[in-house]
Amino acid sequence: MDRALKQAEILLSLQNATKRYETTPVFEDISFDLIAGQITLLLGANGSGKSTLLKALSGLLKLDKGTIEPTISKEDHFKKVAYVAHESHLYSPLTVKENIELFAKLSSEKRTSEELLDFWGLFEHRNKAVENLSRGLAFKTSLVCALLGSPSILLLDEPTSALDSASLDLFCATIQDYVQKRNATAIIATHDIRRLYQIANQVLTINNGAIDSTTQVSFSEEEVVSIYIQTSLK
Amino acid sequence: MIKTLLHKDLLLEIRSKETVALFATLSLLLTVISAVGIHSSFLNPEEVRKIFPVLIWLIFIFSSTISISKSFEYEIKNNALEGLFLTGISPWTIFISKLLTNIIIVLAVHLLTIILLASFLTTPILESFHHYAILSSLVVIGYCSLSTLLTPISLSSRLKGLLLPLILLPLLFPILFAALELSSQIMLEGSLDLGSLAFTLLLVFDVIYFTAAINLFSFVVHE
Amino acid sequence: MLSLNSKKLSIVENVLFALTFGLVLYANYLVFLVVPNEKVMGPVQRIFYFHVGAAMATYFAIGVILLSSLAYLATRKKFMDQLLTSATEVAFAFCCIVMITGMIWGNAAWNTPFRWEPRLVSFLVLLLILLGMLLLRAFGDKEKVAIHSAVLGIISAINVPIVVFSIKLLPKATQIHPQVVQDRGLRDPSFVYTMLIGMIAMICFQFLLLWVRTKIETVKQQDR
């Protein structure tokens, strides 16, 4: 067994969660755990509720029923969570550097903005306003900002769609490294099975409001695709 | 924390300049229009002094309510406000910082407008200017508490920023009544009567609106 | 029992309906057939009985606005939001009744429908506040309108007692709105009795409207 699975330290556990949009349920009575050292892929068709689920896990969206454990105050939960969504969560008139410095100060991050900028190759763009950035650069900036203050639960919503091939490899390596070194956990909502299957330890598929979970030490691409197709046909 | 946020809010305003530009230009235009109107109606100086408070508060209400929601738009854009919450910062810190920024901008432009309107209408105001400054700060505190609370509500509606005057102005009436009464006092008697009912009303509503707004803000921005 | 889910009226609802209907009829009978003409004003003064009743009903509806807003923020129960929607509309309706009856009376008494007098202005402001709440309901963001309305409801409702109270502090000379009850203007005992019945009838009517409107709102949301 994998080292991370043996410890099985549950960082976040969703219990019997239900979320409705007006009267139609997005997901109903679903439960799963996120375990330290694991990377989870969240698969599902468009409109299946992946983004809603991630937002609910971040604490920004209130569940209609169910709980997120451990039950701690909202502020403490936010501190533990890094949430990268479709929106960049950045101030568009401010520069990359100013945004990073702002969020670094607010999350009491010790590293300097230069160190952070250097890593993703953002240094040469540091004085550009966020509104003038390309999508990929904006995504990298928001990823840097989200990871400030060493959160232990990473919620990543379609992170690969804006990245070029080289950045994608760097992204996979970084997330894997982050999760293992800090004993964190990551859940990635994605359609990009081809690039991300290698780093996954758990695959969640969401379909018609219900969720299926498969945990393995590692997956092959065919396995992930077949899991996805099986649940879609249910 | 508040210092960091305040720095961010002021920097946002310095970069975008939208609120100040809109507010100051609208105030200037309305001041000129009122001055032209007063000039062409041949009022004597005594009558101008009587009508001065009405004009100044009309200009204030109109230009500030149209421009104040601008300062919140960058919080909504890219969902930056959610980003702030995700750092674990409490909503009331964000509220205080937004409130202070709004107060600084609104008060600065408003005091300039008073001087401008007074000089256009050749109404002597410098001797009683500090009374105006005290009165304006009190009005602006109440005004900004309420508008900082209601701006996110109006921005999420289908009317966007235009809903703000419709829900803000009726609630402002008590403050405006007091402001009109007290500024007429300053105009006619040259000083602010701190014991008057209007002054007490103004203070009471400042306290109520501030307390209500700081407690209700998290409901408005959080789910 | 009072039941929101049934589309038919229950026994209690029928009783409330019958009680209100009877009271309103009785109040009309008293106002138009029993109470003597007022000495100075003549028959126009009779509108006063509806005016005062409607004003009391408005205050009750605003009380419901405050309570349902607080309850919604605390519990997030859908019912509280439906109650708030109805209370806002009912308060607005009764506020309109107060303004219109007041204007009819004013037209006869002062020769002008509206005077800039503190109590009149305060009700006008109240009308505008309620209008703002209705506009928010109409144009607000669908997902957030309930919580936003509750916030606006609280801040609007806490206004009312202060504004009403502060008028009492103003010097008497600035007020021309008659203070009938305080000034012991009701000499004939039938005046007092009619006024009380008128008030109770209007308040019952207010609660009946409130209940029916809430029920409509519930059924509407179920059928959606």
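Protein chains get the first letters and strands the later ones, always in sequence-line order, with residue 1 at the start of each. These numbers come from the heavy atoms of this one structure, side chains and all, not from hydrogens, waters or symmetry mates.
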Taking B:Thr148 for its side chain and B:Cys144 for its backbone only, find out whether a donor-acceptor pair lies under 3.5 Å. yes
Most contact-rich option vs chain A, by heavy-atom pairs under 4.5 angstrom, among B:Leu11, B:Ile89, B:Leu81, is B:Leu11
I want to know whether B:Phe95 and B:Trp92 have ring centres closer than 6.0 Å. no
Backbone N/O of A:His89 and side chain of B:Asn79: donor-acceptor pair under 3.5 Å: no
Tell me, yes or no, whether the heavy-atom count around B:His39 atom NE2, taken from other residues, nucleotides or ligands under 6.0 Å, exceeds 12. no
With a cut-off of 6.0 Å (strictly less than), are more than 12 heavy atoms of other residues, nucleotides or ligands near CZ of B:Phe62? no
Close contacts, residues 122-157 of chain A versus chain B, judged by heavy atoms under 4.5 Å: A:Val130, A:Glu131
Check the pair A:Glu28, A:Lys65 against salt bridge (charged side-chain N to carboxylate O under 4.0 Å, His left out), reporting the backbone distance first and the verdict last. CA-CA 9 Å; A:Glu28 213 155 17; A:Lys65 266 183 211 141; over 6 Å; no
Mark yes when over 12 heavy atoms from residues, nucleotides or ligands other than B:Glu73 sit less than 6.0 Å from its CD; otherwise mark no. yes
Going by atom types alone, do A:Gln176 and A:Thr174 pair a side-chain donor with an acceptor below 3.5 Å? no
Would a 4.5 Å heavy-atom cut-off, applied to side chains only, mark B:Ile141 and B:Leu99 as touching? no
Is there any residue in residues 99-107 of chain A with a non-hydrogen atom under 4.5 Å from a non-hydrogen atom of chain B, and which ones are they? A:Leu102, A:Phe103, A:Lys105, A:Leu106, A:Ser107
Side chain B:Tyr209, main chain B:Leu171, donor-acceptor under 3.5 Å: yes
